[in-house]
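Start at 1 and go down the list; that is how both ligands and their atoms are numbered.
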Amino acid sequence: MTSASFPATRLRRTRASAWSRALHRETILTPADLIWPLFVTEGQGVEEPIASLPGVSRWSMDGIAERAKEAVALGIPCLALFPNTQPERRSENGAEALNPDNLMCRAICTIRDACGEDIGILTDVALDPYTTHGQDGLIDDQGYVLNDTTVEVLVGQALNQAEAGADIVAPSDMMDGRIGSIRAALEEANHANVQIMSYAAKYASAFYGPFRDAVGSGGLLKGNKKSYQMDPANSEEALREVAMDIAEGADSVMVKPGLPYLDIVRMVKDRFEVPVFAYQVSGEYAMIEAASAAGAGKREDLVLETLLAFKRAGCSGVLTYHAPLAARLLNG
Ligand code: PBG
């Protein structure tokens with residue numbers, strides 16, 4: 001311990017004025033730390049508000065292009081895309097994920113046309129927006145999500161997204177071995193510079209509800225995802241997941257949800273030399289909105305404090321639906 005005892009040490013000394021607090025601040029949050037998740041829908045001029053995510057909407061292509069330009073203007077470096085697939089395009093095996101003209105691929109092209117290389121495009125690799133049962137993979141007669149056959153489809157989905165111009169493919173499905181298979185396929189298909197951000201430690205969480213409404217899978221899902229997403233009780237297992245994904249070729253790893261799992265972020269950061277991201281998920285966003293609507297806290301302060309906490313815990317960046325608000329506040 002290096003501190004002298006009181007009163008030689010008075011920790012309040014450096015806190016006494018704003019300039020001194022600024023000088024001693026250990027962590028900074030900037031718009032460049034943010035990844036903005038966006039929901040895509042069919043049509044023209046369509047904005048569909050999501051009731052359980054107040055302030056967040058699904059956008060048709062024109063709106064997606066506008067949001068992308070807004071992100072660039074705000075200094076947000078990357079968007080994460082999620083499609084709300086039309087019911088008639090959903091199927092038992094989620095084949096729409098492989099359609100080169102699906103919502104996701106069109107959104108990628110739309111953003112590229114609008115913003116060129118000024119923004120990164122991260123795409124979700126998992127089948128839940130495309131299946132009639134809302135699971136992230138292929139299921140057997142008992143409804144069990146099959147690992148190896150699902151990985152084959154995920155590889156096709158990731159290649160489809162890379163062909164359309166995705167910069168980062170982000171597998172959120174939690175199948176074993178998918179990172180290695182996707183990495184090998186990307187190399188083979190001359191997509192050596194497409195990054196993989198692995199949802200390495202993704203927990204079977206109660207905080208995903210509003211997201212499932214947003215992509216339209218919530219009403220379809222029977223049961224839960226506990227046979228592939230992690231048990232919230234476990235942390236050693238998260239380190240094993242991260243170690244495997246790094247070994248298989250992930251460029252960065254993600255912990256999800258965010259705030260309730262900052263201990264996992266810190267453990268991963270201390271253990272591995274790898275960029276770590278966290279997803280402040282839909283239920284966390286909704287909690288902040290509900291708290292501020294109820295007068296239990298000021299939205300702006302809650303948002304900036306929670307996002308700063310991710311940086312302090314060791315995150316390189318955060319996926320958050322509050323990205324545009326936070327960037328606006330940070331830009332003054
Ligand atoms: C599904 C997926 C989920 C989220 C991102 N990708 C939900 C789930 O696993 O059921 C959740 C994001 C959020 O809640 O904001 N592959």
(message) So that I can tick it off, tell me whether Arg106 and Asp113 are bridged by a salt bridge, with the cut-off set at under 4.0 angstrom between side-chain N and carboxylate O.
(response) no
(message) Are Arg178 and Val125 packed together at the side-chain level, in the sense that at least one heavy-atom pair is separated by less than 4.5 angstrom?
(response) no
(message) Quick test of your reading of the model: are Arg183 and Asp251 salt-bridged, counting only N-O distances below 4.0 Å?
(response) yes
(message) Regarding Asp124 and Ser172, do their side chains bring together a donor and an acceptor under 3.5 Å, going by distance alone?
(response) yes
(message) Looking at Glu70 and Arg328, is any side-chain nitrogen of the basic one under 4.0 Å from a carboxylate oxygen of the acidic one?
(response) yes
(message) If the criterion is any heavy atom closer than 4.0 Å to an atom of ligand 1, which residues make the list?
(response) Asp124, Ala126, Asp128, Asp136, Ser172, Lys202, Phe207, Tyr208, Phe211, Arg212, Lys225, Gln229, Lys256, Tyr279, Val281, Ser282, Tyr321
(message) Any non-hydrogen side-chain atom of Thr85 less than 4.5 Å from a side-chain atom of Asn102?
(response) no
